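It should be emphasised that the depicted structure is a prediction, and the values quoted were computed from it without experimental measurement. All residue numbers in this chain count up from 1 along the given sequence.
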Amino acid sequence: MKHLDGLKDAQKTAVLARNGPVSVLAGAGSGKTRVLTARIYELIRGGVAPEAILAVTFTNKAAREMRERLRSMLGAGEEEPRGRGAPAGLPFVATFHGLGRELLESYGAIIGVPRYFSVYDRDDSEKIIADALKKLDVSTKELSPRAVMGRISRAKGAGISVREFYEKQARSSFGSRIVAEAWQAYEQALAREKALDFDDLIVRPVRMLEEHPDVLAAAQERWRYIHIDEYQDTNALQGCLANLLAANHRNLFVVGDIDQTIYTWRGATIENLLEFEKQYPDAQTIVLEQNYRSTKNLVEAANAIIERNTRRKEKRSTTNNGTGEPIVIHAAINAEREARWIARKIKNLLRAGTAPEEIAILYRTNFQSRALEEGLLREGVPYKLLGTRFFDRKEVKDTLAWIRLALDPAREADRVRAAGSPPRGIGRVTLAKLAAGQRGSLKNAEAAKVVQFESVIEELVRAAERMIPSEFVKLVIEKSGMRRALFEEGNEEDRERFENVEELASVAVRYDGLPGKDGIANFLAEAALASDQDEMDRTEKRGVTLMTVHAAKGLEFKAVFVSGMEEGLFPHDGMGEGERDDEEERRLFYVAVTRAKDRLYLSLARMRKIYGSDFLSEPSSFLADIDRSLVVYDEDDGESVIDY
């Protein structure tokens with residue numbers, strides 16, 4: 001049985017655990033993805049229909065990789081571009097948000113969710129909140145839309161409705177009252193636009209399953225074997241969704257590592273994994289402790305770091321890999337000198353034959369990337385920065401607005417955006433008159449422009465019924481005027497933006513197996529649910545990867561540089577956002593260290609400019625967690641001294 005070849009005893013136990021609840025505590029680099037896919041293959045090999053199996057992963061990237069592995073193991077051939085997580089003959093593999101969307105598309109009509117709903121990303125949501133705050137006469141400097149949206153998101157993740165929040169918290173403080181009123185306006189705006197946000201993709205399915213036993217029964221029978229990856233990073237509502245789906249057959253297989261819980265700040269609860277055995281007293285618990293990724297030095301350092309935490313389950317990683325290189329620690333005078341040191345070390349690695357794609361620079365907060373980019377540019381080191389999603393680019397969002405209008409021309413926000421992208425002489429005042437039913441008040445020139453705009457939309461609505469998604473996207477690019485404005489009449493920068501617009505057609509090809517509106521809706525869902533890690537697969541640019549430690553979760557590289565190892569920065573003090581959670585910060589450092597396979601470099605700046613002011617820094621207290629026998633101190637510029 002090839003799928004069991006090379007697996008250790010604990011891994012085989014997990015793969016062969018067929019029925020009932022199972023909890024797999026999987027350390028970093030322990031081969032959990034292989035275990036998950038082998039377990040699913042074993043179920044299918046034992047007679048379980050692929051369509052009866054559900055696998056929920058943390059990112060779209062992880063979901064695609066799992067589908068590819070399963071396809072290869074099952075000999076399923078090339079994927080038919082269906083776009084809904086389950087090509088023919090394969091299990092349904094998706095993120096939690098992808099699962100929520102599937103449930104709403106399949107059964108959502110019963111709770112009034114339209115078939116072709118939009119999914120608002122965080123940027124869209126924050127714009128609505130900003131408008132609501134303005135109407136409430138609250139300055140965004142006094143209360144930021146991001147902070148309000150974060151509080152709403154955490155409440156939704158905890159299963160709290162806007163009505164419950166208003167009744168219980170609106171009177172507790174001025175800030176809570178403003179959040180409650182902004183939330184009410186936000187929900188009204190979403191309803192007008194027939195849109196949901198990310199949190200709704202979990203909130204609505206849970207409410208639907210709880211209130212409609214027939215739908216719950218259908219979903220439970222549809223997926224009789226359920227697998228949840230990264231269970232430690234699920235929130236209360238996601239845990240509830242998993243338990244609802246598994247309640248009948250009780251075949252719930254969860255994989256997680258409490259030591260890698262790094263998202264409690266956005267609602268994840270460590271309790272889902274900590275208390276799994278309490279909820280399922282008959283659960284089988286399997287521990288995967290062998291690290292197949294990293295050298296002995298790195299594994300020992302990671303153990304020393306994480307064992308200082310108390311809220312965890314006992315687990316100590318081991319490895320049969322070689323000892324490897326010592327961890328390199330460097331202190332520079334300032335952030336610019338730190339960046340230069342990193343860039344020079346990377347140049348040495350590149351000369352020695354390490355591919356740039358096998359190198360990553362990680363940092364705790366986004367502002368650190370500026371100095372690092374400048375250092376890499378100065379030394380001529382190629383790089384790619386994760387953080388600005390392809391689907392967040394203005395020209396891409398403009399085009400997506402046109403595409404969404406073809407599914408539902410009544411969406412006011414999309415009409416406003418499309419009317420000005422590219423500009424066609426239709427302003428917000430004109431659009432407001434149309435929305436208010438005052439078409440007769442338009443001047444002749446205004447009316448002519450509106451008629452022309454609406455005729456394009458009508459043409460696209462008809463085309464969406466019959467065209468495959470990739471060809472439809474090309475038609476949108478032409479009919480909207482994007483090609484003319486950006487490529488034919490634009491400057492060099494506009495032509496680069498047009499390349500991003502063209503890339504949408506390439507993405508849409510994946511959904512050509514579902515012609516018409518279904519394919520287009522699935523394509524739009526990918527755009528809404530894409531994550532930072534999806535950019536790694538999209539870009540063809542070769543180079544070292546720069547990203548936050550949070551974004552690096554689940555990835556691995558031959559060489560990893562962790563910048564900014566300074567007390568107050570990593571561990572991060574929160575910059576006034578609340579008390580520091582030292583255990584979560586240590587888990588985050590553990591995640592950073594365990595991304596490395598062969599080499600790890602830790603650097604800090606004695607002085608760093610933050611919010612325009614210079615700060616003297618002490619070395620991170622985390623550095624003292626690592627035994628000195630595992631490290632060397634690099635002072636190649638004659639200015640670096642570590643003392644802790």
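Heavy atoms from other residues, nucleotides or ligands lying under 6.0 Å from CG of N491 number more than 12. Within 6.0 Å of CZ in R495 there are more than 12 heavy atoms belonging to other residues, nucleotides or ligands. Crowding of Q452 atom CD: a count of heavy atoms from other residues, nucleotides or ligands under 6.0 Å not exceeding 12.
In summary, E566 and R606 do not engage in a salt bridge, as defined by a charged side-chain N under 4.0 Å from a carboxylate O. Ionic pairing of D259 and R587 is not present here: no N-O contact between side-chain nitrogen and carboxylate oxygen is shorter than 4.0 angstrom. Comment: D123 engages K397 in a salt bridge, judged by a side-chain N to carboxylate O separation of less than 4.0 angstrom. Using a 4.0 Å cut-off between charged side-chain N and carboxylate O, R370 and E336 make a salt bridge. Ion pairing between a basic and an acidic side chain is recognised when a charged N comes within 4.0 Å of a carboxylate O; D398 and K394 show such pairing. Between D414 and R417 there is no salt bridge, since none of the side-chain N atoms of the basic residue sits less than 4.0 Å from a carboxylate O of the acidic one. A salt bridge is absent between R192 and E412: the closest approach of a Lys/Arg side-chain nitrogen to an acidic carboxylate oxygen does not fall below 4.0 angstrom.
At least one side-chain heavy atom of S603 sits less than 4.5 Å from a side-chain heavy atom of E338. Contact of the R146 side chain with the R151 side chain is not registered, since no non-hydrogen atoms from C-beta on lie closer than 4.5 Å. M547 places none of its side-chain heavy atoms less than 4.5 Å from the side chain of L385. L407 has its side chain out of reach of F117: every pair of non-hydrogen atoms, C-beta onward, lies at least 4.5 Å apart. Put simply, the side chain of I111 does not reach to within 4.5 Å of the side chain of R207, judged on heavy atoms. Between L241 and L103, some side-chain heavy-atom pair lies under the 4.5 Å cut-off. Looking at heavy atoms from C-beta onward, T548 lies in side-chain contact with Y363 at the 4.5 angstrom threshold. Under the 4.5 Å side-chain criterion, counting only non-hydrogen atoms from C-beta, F367 is in contact with L569.
Atom CG of L504 sits about 5.5 Å away from atom CG of L400, to the nearest 0.5 Å. In this structure, NZ on K553 lies 3.5 Å from CG on D233, to the nearest 0.5 angstrom. To the nearest 0.5 Å, atoms OG1 (T264) and CD (E584) are separated by 3.0 Å. Note that the OG1 atom of T545 and the CZ atom of F561 stand 12.5 Å from one another [nearest 0.5 Å]. With rounding to the nearest 0.5 angstrom, the CG atom of L273 is 6.5 Å from the CD atom of Q232. Annotation: the span from K156 atom NZ to R204 atom CZ amounts to 7.0 Å, rounded to 0.5 Å.
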Pair R311-E271, salt bridge (charged side-chain N to carboxylate O under 4.0 Å, His left out): steps then yes or no = CA-CA 10 Å; R311 296 195 69 227; E271 309 303 328; 2.4 Å; yes

query = Passes side-chain contact (heavy atoms from CB on, under 4.5 Å), R415 versus E454? Steps please.
reply = CA-CA 10 Å; R415 288 178 74 86; E454 292 179 336; 3.2 Å; yes

inquiry  = Evaluate E193 against Y120 for side-chain contact (heavy atoms from CB on, under 4.5 Å), listing each step before the verdict.
reply    = CA-CA 10 Å; E193 295 298 320; Y120 271 27; 3.3 Å; yes

ask   = Does the salt bridge (charged side-chain N to carboxylate O under 4.0 Å, His left out) test come out yes or no for K127 and D124, once each step is laid out?
value = CA-CA 5 Å; K127 285 180 180 176; D124 294 328; 5.2 Å; no

key: side-chain contact (heavy atoms from CB on, under 4.5 Å) assessment of S139 paired with K134   = CA-CA 7 Å; S139 168; K134 186 177 180 180; over 6 Å; no

inquiry  = Show, in sequence, the C-alpha distance, side-chain angles and deciding distance for W402 and V456, and conclude whether the side-chain contact (heavy atoms from CB on, under 4.5 Å) test is met.
reply    = CA-CA 10 Å; W402 277 97; V456 174; 3.7 Å; yes

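Minimum heavy-atom separation, N235 to N272: O-ND2, 3.1 Å. Taking both residues in full, the closest heavy atoms of V206 and L237 are given as CG2-O, 3.8 Å, listed atom of the first, atom of the second, then distance. Nearest heavy atoms, I129 versus A182: CD1-O, 4.1 Å. Residues L143 and V138 approach most closely at CB-CG1, 4.1 Å, considering heavy atoms. Shortest non-hydrogen contact noted between T234 and G239 is CB-N, 4.5 Å. Closest approach of F472 to L460, counting heavy atoms only: CE1-O, 3.3 Å.
A donor and an acceptor atom, one from each side chain of E102 and S106, are located under 3.5 Å apart. E373 and Y383 form a side-chain donor-acceptor contact under 3.5 Å, judged by distance and modelled atom types alone. A side-chain donor-acceptor contact under 3.5 Å links Q368 and T365. No hydrogens or angles considered: a donor-acceptor pair under 3.5 Å links the side chains of N522 and R101. Side chains of Y116 and D518: a donor-acceptor N/O pair is present below 3.5 angstrom, by distance only. Side-chain atoms of E567 and S617 form no donor-acceptor pair, as typed in the model, at a separation below 3.5 Å. Using modelled atom types and a 3.5 Å distance limit, the side chains of R411 and S118 yield a donor-acceptor pair. Using a 3.5 Å distance cut-off with no hydrogens or angles, the side chains of D197 and S125 do not pair a donor with an acceptor.
Of the possible donor and acceptor atoms, none in the side chain of Q238 sits under 3.5 Å from a partner among the backbone N and O of F96. A donor-acceptor contact shorter than 3.5 Å is absent between the side chain of R424 and the backbone of G420.
Using cut-offs of 30° and 60° on the angle between ring planes, the pair H97 and F198 is tilted.
Between F58 and Y263, the gap from one ring centroid to the other is short of 6.0 Å.
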